[in-house]
Amino acid sequence: MKLYEQYPVFLTNSLTGKKEKLETQIPGFVGMYVCGPTVYNYVHLGNTRTFLSFDLIARYLRFLGYHVRYVRNITDVGHLVGDVDEGEDKIGKKARLEQLEPMEIVKRYTEDFHTVMRQFNILPPNIEPTATAHIIEQINIVKKLIDLGLAYEVNGSVYFDVKKYNQSHHYGILSGRNIEELMESGRDLDSQDEKREKIDFALWKKASPEHIMRWPSPWGEGFPGWHIECTVMSTKYLGETFDIHGGGMDLKFPHHECEIAQATAANGKPPVRYWVHSNMLTVNGQKMSKSLGNSFLPSELFSGNHKLLEKGYSPMTVRFFMLQSHYSSTLDFSNEALNAAEKGFKKLNNALTLIKSLHLQKTAVNTETEKVLLQQADNCFQNMSDDFNTAKTLAVLFEMASQINSWAAAKQLNVSEPVFEKFKFTYVAMMEEVLGLKEETGGNNELLAGTVNVLINLRKKARTDKNFALSDKIRDDLKAIGIQLKDGKDGEMSYEIE
RNA sequence: GGUUCCGUGGCCGAGUGGCUAGGCUGAGCUCUGCAAAAGCUCCUACAGCGGUUCGAAUCCGCUCGGAACCUCCA
């Protein structure tokens with residue numbers, strides 16, 4: 001029996017608003033697509049949270065035994081800056097500002113993105129396609145939509161006919177809108193021009209003379225519209241209908257709504273079985289975003305070099321911090337919360353280090369304890385399978401950490417070997433493989449360890465001689481440079497680098 | 001204005017009808033030469049007002065407060 005059969009996954013489907021059992025199209029296989037970053041700038045912490053959320057989902061599904069194909073794109077064609085403005089594109093704009101080739105911009109920020117992903121221990125997707133590598137496919141689907149009569153060309157640009165699509169389908173199915181309201185609301189656009197209705201969206205845009213990124217097409221030189229790349233790349237690698245489509249909450253409308261419309265129109269069936277949206281990271285209750293000026297970069301967070309930060313925090317501390325809340329809830333950022341997370345993570349991290357090296361003497365087996373431990377191990381899976389509830393899982397891991405500490409203190413094992421092994425396996429696997437919380441050793445190396453051991457031995461001698469002034473000085477001085485000595489019961493000492 | 005979501009103890013944050021969330025902080029105890037770490041114990045909340053129910057933080061209604069989306073955004 002596979003783990004995914006033993007612990008079937010339930011996830012909240014944004015399409016229905018309900019928690020549903022994951023029934024994949026092909027048993028044992030999961031196709032998942034997540035909207036990746038637009039690489040026209042450094043990714044900030046808010047962006048990172050989304051990728052972390054889906055990293056977790058991919059990790060857990062794989063852990064359960066699913067064969068996961070995880071596709072996360074890189075948007076290297078700028079989305080349109082305004083709605084129907086001059087056809088300006090973010091990447092092109094930045095490129096002109098900096099006097100660079102667009103692809104130079106793309107490369108720089110793609111590399112930054114990958115670096116950040118690595119720092120947070122976010123695993124790479126199986127396929128990371130770029131929009132610019134799929135121009136032909138995008139043109140083809142636009143052609144197809146025109147042939148189907150659901151798109152129209154005006155002056156070298158092509159738009160999707162939402163009103164027409166809505167006659168046979170529901171545009172707004174995902175975000176709970178109807179097109180009458182959409183057509184009434186919203187601001188009146190200054191250059192309301194070529195589109196038949198303002199809710200129509202661009203599939204292909206004609207490139208203005210100064211527009212740098214451009215490709216030839218049946219409609220002249222231009223570039224793909226905002227939403228079409230995701231439809232093309234997801235269906236190319238995962239099929240016309242695939243299991244999970246993820247992305248940030250802010251992409252639900254219009255981006256994902258448009259994806260559904262395009263794909264459904266082109267292929268005659270809905271593209272996605274389960275839509276999953278991760279919520280925003282907030283600062284003082286407000287969405288972290290570049291335009292609000294309340295965002296910060298991962299590097300600033302690590303170094304503490306930012307006006308909103310009191311100090312720096314390690315990548316795993318930040319990862320832990322984010323895992324303490326559910327992906328579907330907003331998470332508010334604060335120094336206080338980060339400090340709490342730092343301590344909490346340290347506790348779990350210490351237990352992780354400990355359990356890997358525990359040597360315990362067997363004593364009488366306590367069957368009650370065994371029951372509790374097996375229940376804890378089981379709960380980890382139950383919680384994760386319940387819409388990837390990392391917060392609840394962490395709560396169990398804290399209980400498990402207490403158990404580990406107790407064992408270490410007693411040096412005795414009061415459960416049977418198989419129970420211990422299962423417990424240990426679950427704790428280590430949940431921490432490292434599922435939650436991706438890597439052990440942080442704090443710049444440990446052999447030379448340092450040897451040096452500290454010399455000092456530890458000197459201090460042992462001092463303590464035996466009751467020379468507490470000296471032993472305290474050794475401890476205090478080491479503490480001052482960030483090494484905390486801990487005295488064990490039987491005269492042994494350990495240390496921890498802070 | 002429209003659509004949707006949220007409001008939990010000092011702080012963060014789980015929780016979808018009855019059972020201790022958990023972390024951080026604070027207090028006490030144990031261990032310790034003193035610390036640190038660890039263990040144990042305590043601080044028992046659910047915006048307000050109504051309603052449904054034997055029973056609601058959890059369901060319904062209203063009020064107040066906050067947020068996201070409706071325009072590029074993870």
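Naming convention: chains lettered A, B, ... in sequence-line order (proteins, then strands); numbering from 1 in each chain. Side chains are part of it too, since the values below use all heavy atoms of this structure and drop only hydrogens, waters and symmetry mates.
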Asker: Give the rounded distance in Å between these two atoms: CE of A/M322 and P of B/rG23.
Answerer: 22 Å

Asker: Nearest of B/rA14, B/rA35, B/rG22 to any side-chain atom of A/S325?
Answerer: B/rA14

Asker: Between B/rC64 and B/rA27, how far apart are the two C1' atoms, rounded to whole Å?
Answerer: 36 Å

Asker: Defining pairs by Watson-Crick or G-U wobble geometry with both distances under 3.5 Å, how would you list the stems of RNA chain B with at least three pairs each?
Answerer: B:1-7 with B:64-70, B:10-12 with B:22-24, B:26-30 with B:38-42, B:47-51 with B:59-63

Asker: Should A/K346 and A/E496 count as an ion pair when the cut-off is N to O under 4.0 Å?
Answerer: yes

Asker: Report the nucleotide, chosen from B/rA37, B/rG39, B/rA74, that has the shortest atom-to-atom distance to any side-chain atom of A/K486.
Answerer: B/rA37

Asker: Hey, could you give me the CZ/NZ distance between A/F296 and A/K290, rounded to the nearest 0.5 Å?
Answerer: 13.5 Å

Asker: Whole angstrom is fine here: how far is it from CG in A/N294 over to C1' in B/rA67?
Answerer: 13 Å

Asker: Say you pick atom P in B/rG18 and the same atom in B/rU58; how far apart are they, in whole Å?
Answerer: 11 Å

Asker: If you measure from the C1' atom in B/rU52 to the same atom in B/rC19, how many Å do you get, rounded?
Answerer: 23 Å

Asker: With respect to the side chain of A/R459, which nucleotide from B/rG39, B/rG2, B/rC34 is positioned closest?
Answerer: B/rC34

Asker: Using atom CG of A/L435 as one end and atom P of B/rG23 as the other, report the distance to the nearest whole Å.
Answerer: 16 Å

Asker: Is it the case that the side chains of A/N178 and A/Y171 hold a donor-acceptor pair, with the cut-off being a distance below 3.5 Å and no angle test?
Answerer: no

Asker: A cation-pi test, strictly: NZ or CZ of A/R72 under 6.0 Å from the centre of the six-membered ring of A/F51 and no more than 45 degrees from its axis. Yes or no?
Answerer: yes

Asker: Are OP1 or OP2 of B/rG39 and a side-chain N or O of A/S402 less than 4.0 angstrom apart?
Answerer: yes

Asker: On RNA chain B, does the nearest nucleotide to A/Y327 precede the nearest nucleotide to A/Y40 from the 5' side, or the other way round? Give the residue.
Answerer: A/Y327

Asker: Report yes if at least one side-chain N or O of A/K479 is closer than 4.0 Å to OP1 or OP2 of B/rA35; otherwise report no.
Answerer: no

Asker: Counting only heavy atoms not in A/K356 (residues, nucleotides, ligands), do more than 12 fall under 6.0 Å from its NZ?
Answerer: yes

Asker: Taking CG from A/D386 and C1' from B/rA14, how many angstroms apart are they, rounded to a whole number?
Answerer: 11 Å

Asker: Distance between the P atoms of B/rA37 and B/rG48, in whole angstroms?
Answerer: 37 Å

Asker: In whole angstrom, give me the gap between the C1' atoms of B/rG26 and B/rC54.
Answerer: 39 Å

Asker: Please measure how far the P atom in B/rG39 lies from the corresponding atom in B/rG61, and state the result in whole Å.
Answerer: 45 Å

Asker: Could you please name the option among B/rA14, B/rU32, B/rU3 that lies closest to any side-chain atom of A/R463?
Answerer: B/rU32

Asker: Any side-chain donor paired with an acceptor under 3.5 Å for A/H227 and A/E257?
Answerer: no

Asker: Output the single nucleotide from B/rG15, B/rA35, B/rA74 whose closest atom is nearest the side chain of A/R475.
Answerer: B/rA35

Asker: Expressed as a whole number of angstroms, how long is the span from A/M493:CE to B/rG33:P?
Answerer: 12 Å

Asker: Consider only side-chain N and O atoms of A/H277 and A/H256, and report whether a donor and an acceptor are under 3.5 Å apart.
Answerer: yes

Asker: Nearest-Å distance, CE (A/M183) to P (B/rU71)?
Answerer: 14 Å

Asker: For B/rC34, does the base pair up with any side-chain atom of A/D487 as donor and acceptor (N or O, under 3.5 Å, distance only)?
Answerer: yes

Asker: Is a donor from one side chain sitting under 3.5 angstrom from an acceptor on the other, for A/D332 and A/T282?
Answerer: yes

Asker: Expressed in whole Å, how much space separates the C1' atoms belonging to B/rG7 and B/rU63?
Answerer: 14 Å

Asker: For A/K311, look at atom NZ and say whether over 12 heavy atoms of other residues, nucleotides or ligands are found less than 6.0 Å away.
Answerer: yes

Asker: Starting the side chain at C-beta, find the nucleotide from B/rG39, B/rA74, B/rC34 nearest to A/T50.
Answerer: B/rA74

Asker: Let's see if you can work this out: which of B/rG23, B/rG15, B/rC69 has an atom nearest to the side-chain heavy atoms of A/R177?
Answerer: B/rC69

Asker: Going by atom types alone, do A/D386 and A/Q382 pair a side-chain donor with an acceptor below 3.5 Å?
Answerer: no

Asker: Pick the nucleotide of RNA chain B nearest each of A/F468 and A/A391; which residue has the one closer to the 5' end?
Answerer: A/A391

Asker: Over how many whole Å does the gap from A/F333 atom CZ to B/rG13 atom P extend?
Answerer: 12 Å

Asker: Would you mind classifying the nucleic acid contact of A/G46 as base, sugar-phosphate or nothing, using non-hydrogen atoms under 4.0 angstrom?
Answerer: base

Asker: Base contacts versus sugar-phosphate-only contacts with protein, heavy atoms under 4.0 Å: please encode nucleotides 4-12 of chain B as B, S and - from 5' to 3'.
Answerer: -------SS

Asker: Of the options B/rA36, B/rG33, B/rU3, whose atoms approach the side-chain atoms of A/S471 most closely?
Answerer: B/rG33

Asker: Which nucleotide, B/rG23, B/rA14, B/rC34, lies nearest any side-chain atom of A/K347?
Answerer: B/rG23

Asker: A/D472 near the nucleic acid: base, sugar-phosphate alone, or nothing, with a heavy-atom cut-off under 4.0 Å?
Answerer: base

Asker: Quick one: label A/L485 by what it contacts on the DNA or RNA (base, sugar-phosphate, nothing), any heavy atom closer than 4.0 Å.
Answerer: base

Asker: Does A/N405 put a side-chain nitrogen or oxygen below 4.0 Å from OP1 or OP2 of B/rG39?
Answerer: yes

Asker: Identify whether NZ of Lys or CZ of Arg in A/R177 sits under 6.0 Å from the centre of the six-membered ring of A/F253 and within 45° of that ring's axis.
Answerer: yes

Asker: Would you mind classifying the nucleic acid contact of A/M249 as base, sugar-phosphate or nothing, using non-hydrogen atoms under 4.0 angstrom?
Answerer: nothing

Asker: Provide the distance between the two C1' atoms, one in B/rC6 and one in B/rG15, to the nearest whole Å.
Answerer: 15 Å

Asker: Between the side chains of A/N73 and A/E229, does any donor sit under 3.5 Å from an acceptor?
Answerer: yes

Asker: May I ask you to say what A/H277 touches in the nucleic acid, namely base, sugar-phosphate or nothing, with a heavy-atom cut-off under 4.0 Å?
Answerer: nothing

Asker: Counting side-chain heavy atoms from C-beta on, which of B/rC69, B/rA74, B/rC24 comes nearest to A/K287?
Answerer: B/rC69

Asker: Atom CD of A/Q403 and atom C1' of B/rC40: how far apart are they, to the nearest Å?
Answerer: 14 Å

Asker: Would you check, one step at a time, whether the test side-chain contact (heavy atoms from CB on, under 4.5 Å) holds for A/W275 with A/E259?
Answerer: CA-CA 12 Å; A/W275 283 91; A/E259 273 190 57; 4.2 Å; yes

Asker: Would you mind classifying the nucleic acid contact of A/S329 as base, sugar-phosphate or nothing, using non-hydrogen atoms under 4.0 angstrom?
Answerer: sugar-phosphate

Asker: Is there a donor and acceptor pair closer than 3.5 Å between the side chain of A/R49 and the base of B/rA74?
Answerer: no

